[in-house]
Asks: 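What follows is a structure written as structure tokens; I'll ask about it next.
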Amino acid sequence: QVQLQESGGGSVQAGGSLTLSCIISGYDYTKESNKFCLAWFRQPPGKEREGVAGLESGGTRNYADFAKGRFTISKDNIKNTLLLQMNNLKPEDTATYYCAAERCGLWVDWGAMRGVDEYTYWGQGTQVTVSS
């Protein structure tokens, strides 16, 4: 079964940086690595889960407006690890961050972030707290 596990969260002062990692396992990477669309979502306390950044199976990167210019989504293809580099963090970035995946098909390049309901595999989340 496909499994995802996040790490790298923590507490940081406003303006600081964090890099989140998501180890993806449970499938044959050599055969199916390019059939998955991947993403990072976040959920602030008491609020709905929202998209942060997406990486299509074809390589297209999509970002929420608040993430553009500050966050970078990427993938280490050797380690099969999804990354989220977050710079210039703000208090409003405080949330639980989740990585997600779906079997979207080979070399798909959708030009916008997919919704929460489109992802079928989720990690347990990692907490990010940004203080003023």
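Values in this document were obtained by computation on a predicted structure and should not be read as measured data. This chain uses plain numbering: 1 for the first residue, then up along the sequence.
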Asks: Got a second to check how far L4's CG is from C99's SG, nearest 0.5 Å?
Replies: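 Rounded to the nearest 0.5 Å, the CG-SG separation comes to 4.5 Å.
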Asks: Tell me who clusters with W122, hydrophobic residues only, linked when side chains sit under 4.5 Å apart either directly or through other members.
Replies: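 W122 clusters with F41, Y98, M113, V116, Y119.
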Asks: Quick one: pull up OG in S57 and CG in D109 and give me the separation to the nearest 0.5 Å.
Replies: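 With rounding to 0.5 Å, OG (S57) is 6.5 Å from CG (D109).
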Asks: Report the C-alpha distance between F36 and L106 in whole Å, list the side-chain angles of each, state the deciding distance to 0.1 Å, and finish with yes or no for side-chain contact (heavy atoms from CB on, under 4.5 Å).
Replies: CA-CA 7 Å; F36 285 87; L106 187 65; over 6 Å; no
Asks: Do we see a donor-acceptor contact under 3.5 Å between the side chains of T96 and Q43?
Replies: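 The criterion, which ignores hydrogens and geometry beyond distance, is not satisfied for Q43 and T96.
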Asks: side-chain contact (heavy atoms from CB on, under 4.5 Å), that's the test. Do V12 and T129 meet it? Break it down for me.
Replies: CA-CA 6 Å; V12 65; T129 302; over 6 Å; no
Asks: With salt bridge (Lys or Arg N to Asp or Glu O under 4.0 Å) as the test, would you mind laying out the steps for R114 and E56 before giving the verdict?
Replies: CA-CA 10 Å; R114 301 167 182 269; E56 295 287 284; 2.7 Å; yes
Asks: Please confirm whether the backbone N or O of K90 pairs with a side-chain atom of D93, one donor and one acceptor, at under 3.5 Å?
Replies: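 At least one qualifying donor-acceptor pair exists.
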Asks: Just how far is it from atom CD1 of I73 to atom CG of L83, taken to the nearest 0.5 Å?
Replies: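 Reported value, rounded in 0.5 Å steps: 9.0 Å.
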Asks: Are there more than 12 heavy atoms of other residues, nucleotides or ligands under 6.0 Å from atom CD of E92?
Replies: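 Yes, CD of E92 has more than 12 neighbouring heavy atoms, counting only those of other groups under 6.0 Å.
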Asks: Minimum heavy-atom separation for T94 and V130, please, with both atom names.
Replies: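 Looks like OG1-N, 2.9 Å.
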Asks: Between A14 and P91, what is the shortest heavy-atom contact and its length?
Replies: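 Closest heavy-atom pair between A14 and P91: CB-CD, 4.2 Å.
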Asks: Count the heavy atoms of every other residue, nucleotide or ligand shown that sit under 6.0 Å from CD of Q124, and state whether that count exceeds 12.
Replies: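 No, CD of Q124 has 12 or fewer neighbouring heavy atoms, counting only those of other groups under 6.0 Å.
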Asks: Please report the closest heavy-atom contact between A67 and V52, naming both atoms and the distance.
Replies: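 Smallest interatomic distance, heavy atoms only, reads CB-O, 3.7 Å.
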Asks: V108 and Y121: same hydrophobic cluster, using ILVMFWY side-chain contacts below 4.5 Å?
Replies: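 Shared cluster, no.
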Asks: Could you work out, with side chain to side chain contact (heavy atoms under 4.5 Å, CB included) as the rule, every residue matching Q85, not counting sequence neighbours?
Replies: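 Per chain and number, Q85 pairs via side chain to side chain contact (heavy atoms under 4.5 Å, CB included) with S17, T19, T72, N87.
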Asks: Count the heavy atoms of every other residue, nucleotide or ligand shown that sit under 6.0 Å from CD1 of I23, and state whether that count exceeds 12.
Replies: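 Open.
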Asks: Does Y63 have R70 sitting over its ring (NZ/CZ under 6.0 Å from centre, angle to axis within 45°)?
Replies: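 Judged by the rule (NZ or CZ under 6.0 Å from the ring centre, within 45° of its axis), R70 is not positioned above Y63.
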Asks: Are W110 and T60 side-chain neighbours, meaning at least one heavy-atom pair lies under 4.5 Å?
Replies: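 Heavy-atom side-chain distance check fails, nothing below 4.5 Å.
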Asks: Is there a side-chain contact between L82 and L20 in this structure, where contact means two heavy atoms from C-beta onward sitting under 4.5 Å apart?
Replies: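 The answer is no, as the side chains (C-beta and beyond) never meet within the 4.5 Å cut-off.
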Asks: How many angstroms lie between CE in M86 and CG in N88, if you round to the nearest 0.5 Å?
Replies: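 The distance works out to 12.0 Å.
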Asks: Is a salt bridge present between D65 and K68, judged by a nitrogen-to-oxygen distance below 4.0 Å?
Replies: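 Salt bridge between D65 and K68, a charged N being under 4.0 Å from a carboxylate O: yes.
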Asks: Distance only, no hydrogens: is a donor on one side chain within 3.5 Å (strictly under) of an acceptor on the other, for D76 and T81?
Replies: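 Note: D76 and T81 side chains miss the donor-acceptor criterion.
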Asks: Consider only side-chain heavy atoms of I, L, V, M, F, W and Y, link residues closer than 4.5 Å, and tell whether L55 and W107 are in one cluster.
Replies: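 L55 does not cluster with W107.
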Asks: Got a second to check how far S74's OG is from L84's CG, nearest 0.5 Å?
Replies: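 It comes to 8.5 Å.
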Asks: For D117, does the CG atom have more than 12 heavy-atom neighbours from other residues, nucleotides or ligands under 6.0 Å away?
Replies: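 For D117, atom CG is not crowded (no more than 12 foreign heavy atoms under 6.0 Å).
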Asks: For the residue pair R42 and A95, what are the closest heavy atoms and their distance?
Replies: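 So the two residues come closest at CB-CB, 3.9 Å.
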Asks: Give, for atom CD of Q1 and atom OG of S25, the distance between the pair rounded to the nearest 0.5 Å.
Replies: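 Those atoms lie 10.0 Å apart.
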Asks: Just do the side-chain contact (heavy atoms from CB on, under 4.5 Å) check on R103 and C37 with the steps written out, would you?
Replies: CA-CA 6 Å; R103 293 184 183 272; C37 290; over 6 Å; no
Asks: Under the side-chain contact (heavy atoms from CB on, under 4.5 Å) rule, what do Q13 and S131 come out as? Steps first, then yes or no, please.
Replies: CA-CA 5 Å; Q13 292 288 110; S131 59; 2.5 Å; yes
Asks: Between the main-chain N or O of G9 and the side-chain N or O of T126, is there a donor-acceptor pair closer than 3.5 Å?
Replies: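 Yes, because the side chain of T126 sits within donor-acceptor range (under 3.5 Å) of the backbone of G9.
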